[in-house]
Amino acid sequence: MQGIEEVRSILANPKNIIITSHRNPDGDAIGSSLAMSRWLKKRGHRVMVAFPSEYPAIYEWMPDIEDIQIFDVDPEPIEDFCKHAEVSVILDYNSLDRIDKLGELLGNRQRYTILIDHHLYPDPIGDFILSDTSASSTCELVHRFIEVHDGATMTDLSIAACIYTGILTDTGSFQYSTSPALFRTVASLQEIGLETNSIHDRIFNTLEEKNLRLLGHCLANRMEIIDDYKTGIIFLNKHDFQVYDIQRGDTEGIVNYLLRLQNVHMAIFIRQQPTIIKISFRSKGDFSVEEIAKTYFNGGGHRNASGGYSKSSLAATP
Ligand code: 5GP
Ligand code: MN
């Protein structure tokens with residue numbers, strides 16, 4: 001692993017370390033941040049995990065999640081910590097503009113920067129960069145990083161639970177981006193005693209009634225299929241957000257239902273949020289939604305799963 005010797009020497013004595021991940025953090029962003037944080041704390045470092053915006057309630061059970069600082073809610077502790085942070089760890093994103101004002105804070109000062117990510121087209125913002133777009137998740141890469149750094153099997157069960165959470169959510173429960181290496185990683189997590197079934201239950205089988213009603217509404221009333229373009233669209237307007245009391249994370253996974261249709265190769269999920277129109281794209285096969293998200297919607301992601309936004313009105317969004 002190129003540069004790991006340098007990382008080892010930087011981390012050889014205690015440092016102040018700021019870990020950040022992207023806006024609207026998902027299971028992989030949260031899992032990789034908490035895994036890294038715990039691993040670094042065990043090695044004697046002072047660590048803060050900071051996200052631009054809040055995380056979904058379904059991840060509330062994760063170890064040390066209550067210590068995460070949210071920039072939108074209270075920037076001050078993060079600003080204070082950043083003044084003394086000597087190392088910055090960037091996880092599950094690869095361009096500082098994905099974390100808004102928090103990015104300005106990180107960009108302002110020279111710090112040793114570790115970037116671990118699996119999205120396309122990384123900016124060169126790390127002294128140490130582990131960027132592998134073929135990896136299922138940033139969590140898979142954090143696991144690889146820890147084992148190479150330590151030269152040993154990772155045996156901490158809390159870290160294992162964090163790693164597994166990111167793998168499970170980013171692969172859509174092992175539907176996408178799987179590989180022999182990924183299954184070997186998961187096998188090693190089970191070998192050290194990780195209970196994988198209970199993690200699946202905590203993440204996927206804890207919905208409230210309103211979540212299934214929202215899904216029903218999306219499929220029955222808000223779904224359009226454009227056969228000629230093999231495209232399915234679901235949209236939600238501001239009114240829907242009120243009626244279904246949609247909170248952070250409540251729309252997660254809905255876009256994937258469109259791909260269940262045989263004739264749909266591209267799925268688009270449009271949400272009218274208070275200041276922007278947020279759009280998720282998914283595709284099957286070789287067709288790249290990343291290009292569409294990047295070219296037209298200020299976004300990016302992966303070939304088959306990307307996101308972006310528009311500042312136009314819902315009606316004017318192309
Ligand atoms: P989702 O549609 O689930 O929000 O995101 C799908 C993928 O696209 C994720 O890998 C996410 O990081 C990426 N993504 C979502 N929104 C944006 C965005 O506004 N900009 C960029 N660069 N990537 C995004
Ligand atoms: Mn990810």
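Whatever order the structure lists ligands and atoms in, that order sets their numbers, starting from 1.
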* To do: Check whether any N or O atom of E252, backbone or side chain, sits under 3.5 Å from an N or O atom of ligand 1, and answer yes or no.
  => no
* Specify the protein heavy atom at minimum distance from atom 9 (C) of ligand 1: its residue, its atom name, and the distance to 0.1 Å. => H119 NE2, 3.9 Å
* Asked: Between the Mn ion (ligand 2) and H118, is there an N, O or S atom separated by less than 2.8 Å?
  -> yes
* Structure fact -> When distances are taken from atom 16 (N) of ligand 1, the protein heavy atom at minimum range is K278 NZ, 2.7 Å
* Min side-chain heavy-atom separation E290-N304 under 4.5 Å -> no
* **Distance-only donor-acceptor check, side chains T20 and Y93, under 3.5 Å** => yes
* Asked: Which residue and non-hydrogen atom of the protein lie closest to atom 15 (C) of ligand 1, and at what distance in Å?
  -> G307 CA, 3.4 Å
* Are any of the N or O atoms of R271 closer than 3.5 Å to those of ligand 1? -> no
* Structure fact -> Under 4.0 Å from one or more heavy atoms of H302, ligand 1 contributes atoms 10 (O)
* On the ring face of Y121, is K294 found with NZ or CZ under 6.0 Å from the centre and within 45° of the axis? -> yes
* Asked: Within less than 2.8 Å of the Mn ion (ligand 2), any N, O or S from D28?
  -> yes
* Asked: Going by atom types only, do D245 and Q247 share a side-chain donor-acceptor pair under 3.5 Å?
  -> yes
* Looking at atom 7 (C) of ligand 1, what's its closest protein heavy atom, distance included? -> A305 O, 3.5 Å
* Structure fact -> atom 24 (C) of ligand 1: of G301, G299, G300, the nearest heavy atom sits on G300
* Option of least heavy-atom distance to atom 4 (O) of ligand 1 (set: S280, S137, G308) -> S280
* To do: Look at atom CD of Q273 and say whether more than 12 heavy atoms of other residues, nucleotides or ligands are closer to it than 6.0 Å.
  => yes
* For R98, is at least one N or O under 3.5 Å away from an N or O on ligand 1? -> yes
* Asked: Based purely on interatomic distance, does I279 place a nitrogen or oxygen under 3.5 Å from a nitrogen or oxygen of ligand 1?
  -> no
* To do: Indicate yes or no: does R8 engage E5 in a salt bridge with an N to O separation below 4.0 Å.
  => yes
* When you measure from atom 6 (C) of ligand 1 to every protein heavy atom, which one gives the shortest distance, and what is it? -> R282 NH1, 3.6 Å
* Asked: Rounded to 10 degrees, what angle sits at the Mn ion (ligand 2) between D170 OD2 and D92 OD1?
  -> 170°
* Pairing of D123 and R98 as salt bridge, 4.0 angstrom limit -> no
* Under 3.5 Å side-chain donor-acceptor pair for H239 and N237 -> no
* Any chance NZ of K41 has more than 12 other-residue heavy atoms, nucleotides or ligands included, within less than 6.0 Å? -> yes
* **Ring centroid separation F145 to F128 under 6.0 Å** => yes
